[in-house]
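No hydrogens, no waters, no symmetry mates; every other heavy atom, side chains included, goes into these values.
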There are 2 protein chains.
Amino acid sequence: MSETELGRFDRIKVPSAYEMVADAIEREITSGRLKPGDQIGTEADLVRQFGVNRSTVREGIRVLEQSGFVRRETGRKLFVCVPRYRNLSSRMSRAMIINEVTFRELYETAQVLEGGAVQAAVERATDDDIAALEENQLRAESVVDDPIRLADVDTEFHALVARSTRNRVLELAREPAALLFFPTSEMICRRVPQGGSRMVAAHREIIDAIKARDVERARTWMFRHVRDWKRGFERAGRDIDEPVERIFPKLSPGASFL
Amino acid sequence: MSETELGRFDRIKVPSAYEMVADAIEREITSGRLKPGDQIGTEADLVRQFGVNRSTVREGIRVLEQSGFVRRETGRKLFVCVPRYRNLSSRMSRAMIINEVTFRELYETAQVLEGGAVQAAVERATDDDIAALEENQLRAESVVDDPIRLADVDTEFHALVARSTRNRVLELAREPAALLFFPTSEMICRRVPQGGSRMVAAHREIIDAIKARDVERARTWMFRHVRDWKRGFERAGRDIDEPVERIFPKLSPGASFL
DNA sequence: AAAGTGCCTATTGTCCGACAAAGTGCATTT
DNA sequence: AAATGCACTTTGTCGGACAATAGGCACTTT
């Protein structure tokens, strides 16, 4: 039973019943035969259809629920749903925390993703997107001296920029990291309160650049804005090579509208 | 029971026992009190500790298993593990498929992420990373006329570049999208076989640029390489605004070493 | 008639007890 | 010492059971 790689055969994985239940339902969904909004039968129905025990069905359902394919509205009926990214993203965030990723990794990724996002936003933001950004800016100006609220508004600002890209893949790619931005921003804002006006000014420039469809200006100011974030981190006396704290990222309020 | 937002109270969510079991164990892990590799007791142990039924414990375990915090080695003991990103990423990929993201979204994101990755790789690739890239290049040259194998090697190439960044956040951010690259690349390679030599040439330039620590050259060639991918897609007669097919991304072979 | 109330039933969350199959560890055999 | 065999542990699955809650329906109230 050694773990050595002698022997020519692969390990045999015997699928268990609950896995087969989950897979069967998942296949119906990913193949499109079950559409978001469709109801899945009751547990009893599934017991009849699959011919397995209810405990087995329930274990399978837990798997699907966890992966977001199926949802139970407050204890009642099961229905198919488009996996909302948030629970997946938040799991990824937690995975990153456990892996003790450093602020440097987070910063570098933020530069790449926020830079790319703002560029795409310049190319495709609609009037509605811009209106939402302006509305966000108003709130930012009104809480410029309240570090915690400002961090929250900033998180929302970046989510709005990402949404303006009309690119769900990009939006999704940044979300796990973005969920870690907030606790960090909040810490920074608490300890370096004088950064507020710089932040609001940067947002202003970015919004104007998006309105003017000026890619270079947008990228430049986003770069500065994110760099300020890193400088705030350093000024707060932290080492950028230290692991991001084990702060459990409670669904950051700024992301609640995603 | 209307869904209107009249009323001043929030919905009450009664936590169920299996959720509390899962949360309790997850908290031990995210807080670091349970470390990767640690064993969690047997189901019977957990039954004793939590004072709930075994079925309940099992449902909780399914949740944790699914989110990757615990693992069961072929039917046997439960142990804590660092969530490997792959199952999370693959769920995200499937979520994207269900959301019918378009090739355009995928392409645009690829430009952002691969461009960012290669830049970071230039800055931080080690000799080992470069050796791995060279080894990959040898294989690429040997299968240049075998479209399917080439697509596989290409997928691995990009994963190796990402790994060279020594940035796990960035590596993670690109993975869900990257899992969708492979089926697409494969389709392209099958239908536009003449692209093989261009691909190998681009890889060569990128590797050389990384070795020479030449950021601009690396970015330029990565940009061209990804653009070629899009052109191949178009030349294969596909519309870049059509949803990525409902191909279930079987764990792409190139990602197996992540 | 529309709205509010109370009851009935379906369904879920949990529990109990049980068993076969497969993994583990130990003693025995060669 | 290595291979074999056996007893014990643990998991996966099963059947049945019950309290609590949600949904639906009939009934009352205004």
Side-chain angles (χ1 to χ4, degrees), chain A residues 1-4 6-7 9-26 34 37-81, chain B residues 1-4 6-7 9-26 34 37-81:
Chain A
M1 297 302 137
S2 65
E3 297 292 334
T4 64
L6 290 176
F9 295 114
D10 286 341
R11 177 150 203 101
I12 289 178
K13 163 73 178 133
V14 183
S16 41
Y18 76 90
E19 289 172 315
M20 297 182 71
V21 168
D23 286 350
I25 298 174
E26 186 180 318
L34 271 176
D38 287 0
Q39 302 243 347
I40 302 180
T42 66
E43 294 179 3
D45 289 337
L46 296 174
V47 165
R48 273 188 293 276
Q49 293 185 54
F50 289 112
V52 298
N53 192 270
R54 192 157 77 96
S55 310
T56 306
V57 167
R58 284 175 63 82
E59 288 188 36
I61 289 175
R62 292 302 157 237
V63 173
L64 292 172
E65 237 169 33
Q66 193 57 23
S67 37
F69 286 113
V70 154
R71 193 152 171 175
R72 211 190 275 280
E73 196 78 2
T74 325
R76 211 91 203 122
K77 289 213 174 64
L78 280 172
F79 59 91
V80 179
C81 62
Chain B
M1 292 300 141
S2 67
E3 296 294 333
T4 65
L6 289 176
F9 296 115
D10 286 341
R11 176 149 207 100
I12 290 178
K13 163 72 179 135
V14 183
S16 41
Y18 77 89
E19 290 172 314
M20 297 182 70
V21 168
D23 286 351
I25 297 175
E26 186 181 319
L34 270 176
D38 287 0
Q39 302 245 345
I40 302 180
T42 67
E43 294 180 3
D45 288 338
L46 297 174
V47 165
R48 272 188 294 277
Q49 293 186 53
F50 288 112
V52 298
N53 192 271
R54 192 156 77 97
S55 310
T56 306
V57 167
R58 285 175 62 84
E59 287 187 38
I61 289 175
R62 293 301 159 235
V63 172
L64 293 172
E65 236 167 33
Q66 194 56 25
S67 36
F69 286 115
V70 307
R71 192 155 172 173
R72 208 192 277 283
E73 196 80 5
T74 323
R76 210 88 203 122
K77 288 215 174 62
L78 281 172
F79 59 92
V80 179
C81 62

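Under the 4.5 Å side-chain criterion, counting only non-hydrogen atoms from C-beta, B:Leu64 is in contact with B:Glu26. The shortest distance between side-chain heavy atoms of B:Tyr18 and B:Val63 falls below 4.5 Å. Using a 4.5 Å heavy-atom threshold, the side chains of B:Asn53 and B:Val47 count as separate. Residues A:Phe50 and A:Ile25 form a side-chain contact, since some pair of their non-hydrogen atoms from C-beta on lies under 4.5 Å apart.
Look at CG on B:Leu78: it is 10 Å from C1' on D:dT10, rounded to the nearest Å. The nearest whole Å value for the distance from the CD atom in B:Glu43 to the P atom in C:dA21 is 18 Å. For the pair A:Tyr18 OH and D:dT11 P, the interatomic distance rounds to 12 Å; values are reported in whole Å. Atoms CZ (B:Arg58) and P (C:dG17) sit 18 Å apart, rounded to a whole Å. Distance, B:Asp45 CG to D:dT10 C1': 10 Å, rounded to whole Å. Atoms CZ (A:Phe79) and P (C:dT11) sit 17 Å apart, rounded to a whole Å. In this structure, A:Met20 atom CE and D:dG12 atom P are separated by 15 Å, rounded to whole Å. Protein atom CG of A:Leu46 is 17 Å distant from nucleotide atom C1' of D:dT13, rounded to whole Å.
Pairing partner, C:dT9: D:dA22, with both Watson-Crick or wobble hydrogen-bond distances short of 3.5 Å.
Salt-bridge formation is detected for the pair A:Arg58/B:Glu59: a Lys NZ or Arg NE/NH1/NH2 atom is positioned less than 4.0 Å from an Asp or Glu carboxylate oxygen. Under a 4.0 Å N-O distance rule, the pair B:Arg72/B:Glu43 qualifies as a salt bridge.
Out of C:dT14, D:dG12, C:dT11, the shortest distance to the side chain of B:Ser16 is found at C:dT14.
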Provide a list of protein-nucleic acid N or O atom pairs under 3.5 angstrom, restricted to nucleotides 14-17 of chain D.
from, atom 1, to, atom 2, distance (Å)
D:dC14, OP2, A:Asn53, N, 2.7
D:dC14, OP2, A:Thr56, OG1, 2.8
D:dG15, N7, A:Asn53, ND2, 2.9
D:dA17, N6, A:Arg54, NH2, 3.2

